[in-house]
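Remember, it's a predicted structure, so these values are computed and weren't measured experimentally. As the structure lists them, so they are numbered: ligands from 1, and atoms in each ligand from 1.
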Amino acid sequence: MAHDEPSKSVPQTKLVIRNIGLLLSGDLANPILDADTVVAVGDRITAVGKEKDVDTSGATVTIDARGTALAPGLIDSHVHPVCGDWTPRQNQLGWIDSYLHGGVTTMVSAGEVHTPGRPKDIVGLKAMAIFAQRAFHAFRPGGVKIYAGAPVIEHGMVEDDFKELAAAGVKILGEVGLGSVKDGKTAHQMVSWARKYGIQSTIHTGGPSIPGSSLIDKDMVLETDADVIGHVNGGHTALPDDQIMALCERSTRALEIVHNGNERAGLLALRTAMELKQLDRVILGTDSPAGSGVQPLGILRMISLLSSLGGIPAEVAICLATGNTAKMRKLDCGLIAPGREASFVLMDKAQHSAGKNLLDSIQKGDLPGIGMVIIDGAVSAQRSRNTPPATAVPEVVT
Ligand SMILES: [Zn+2]
């Protein structure tokens, strides 16, 4: 379909990235690959392996990773874009481009809810969703892909509305609970209609985020049964611990932990998912822009938080922000494997980190330094202007 994903230009370039010191796959089942070279033709990965075993001939661009780590581009599962690279929430320009410098190559909208004068009538909310889907499909600040056009459900919507939205290219609902529908029965009906037409749903969880939003407790989350339990750790106000644990135990849906949530509750959700051996359900977002601002390094901060305080290996924490989210959000990025999108972040331990290498530095709570970000096989950013400086940075050699 023409509107499946944000637009991309696909020149038939051949990209070779060699001398990779650590290859992080994004795949929870096998997070570290025994390989040092990645090849991409156009916007797709074509080979991953040892340099001597892969065909590197005819490269149009060669990058010497200089022993740094390569991971899939990070995915932010929960953003609230509005229009272009501007957010009225903090009246800030260029926030998406700033996230690129935090390693984010893909964003998923949880509703364009900060739009000034956001329409709440049904034809208006549908028009806004279709507009946002089209606009972000065509506009990619710094190359970042933004999956947007996420309508917030309101009372009065009927099955035909979801059918019409799907036919127009809308693939996701904004957070259930941010509109007038605040009862599980109605929400469940609408989420089911959305699912029938291939539209994925996310529900707000916890106390109100800002004046005007409201409490969504575990009973409403369970009854609604949206595809993603949005900010299971609250945004910011979390549900009581027993309710968070009940959501982990009694639902099979994705458990989204966000930066702009309750950090203690985020660690509880992580621990509960681990005890259930369901870490594959955990995905990460920032829930930004928000009242607490924009966080260009938000996903990196989540990785560091969950690894250092949640006690999971750094390479596993990175999977939560890449392969896990891609699987739950049905995206073809997030994994280093042939056929997947050629979007990467190259990192090294930050200068003067006490960690002995990148993974150890993250496990000690430091942020990595980003040396390069690649989207669809093309270099989008070199040394990050936002992270602490990486010890070694990759180099474009041809
Ligand atoms: Zn929310």
Side-chain angles (χ1 to χ4, degrees), residues 75-82 87-90 95 107-115 118 120 125 128-129 132 146-154 172-184 186-188 190-191 194 199-240 243-244 247-248 251 253-266 268-269 281-295 298-299 302 325 328-329:
I75 306 167
D76 188 333
S77 171
H78 194 131
V79 295
H80 291 295
V82 164
T87 172
R89 176 51 59 186
Q90 300 302 341
W95 68 276
M107 296 177 164
V108 181
S109 174
E112 297 77 37
V113 292
H114 300 318
T115 302
R118 169 164 71 98
K120 304 206 170 128
L125 75 87
M128 192 181 87
I146 302 122
Y147 295 89
V152 173
I153 56 172
E154 301 283 354
I172 41 178
L173 289 187
E175 283 176 74
V176 172
L178 297 189
S180 57
V181 176
K182 299 189 191 295
D183 66 287
T186 310
H188 177 74
M190 291 188 183
V191 159
I199 298 175
Q200 192 180 65
S201 53
T202 299
I203 188 163
H204 172 96
T205 308
S209 300
I210 49 175
S213 74
S214 52
L215 168 73
I216 305 292
D217 67 7
K218 78 143 187 352
D219 292 332
M220 167 136 178
V221 174
L222 289 171
E223 188 176 1
T224 302
D225 194 31
D227 298 299
V228 175
I229 300 177
H231 52 65
V232 68
N233 60 322
H236 283 264
T237 311
L239 293 173
Q243 293 201 29
I244 293 172
L247 290 176
C248 296
S251 166
R253 303 297 184 181
L255 298 167
E256 184 189 70
I257 302 175
V258 301
H259 182 276
N260 290 339
N262 176 317
E263 286 146 326
R264 193 191 61 80
L268 172 70
R281 290 168 61 200
V282 177
I283 64 177
L284 307 186
T286 53
D287 192 4
S288 67
S292 51
V294 306
Q295 291 88 22
I299 296 295
M302 295 291 298
T325 314
M328 288 295 175
R329 294 291 190 181

As an exercise, state the distance from CG of Leu255 to CG of Leu284, rounded to the nearest 0.5 Å.
11.0 Å
Counting no waters, what protein N/O/S atoms lie under 2.8 Å from the Zn ion (ligand 1)?
Glu175 OE1, His204 ND1, His231 NE2
Taking Glu112 for its side chain and Gly149 for its backbone only, find out whether a donor-acceptor pair lies under 3.5 Å.
yes
Polar side chain donor-acceptor pair, Asp287 to His80, under 3.5 angstrom:
yes
Which residues pass the side chain to side chain contact (heavy atoms under 4.5 Å, CB included) test with Met190, not counting sequence neighbours?
Ile153, Met157, Phe162, Val181, Thr186, Trp193
Please list, chain by chain and in numerical order, all residues satisfying side chain to side chain contact (heavy atoms under 4.5 Å, CB included) with Ser209, sequence neighbours excluded.
His204, Ser213
Among all residues two or more places apart in sequence or in another chain, which pass the salt bridge (charged side-chain N to carboxylate O under 4.0 Å, His left out) test with Arg329?
Glu256
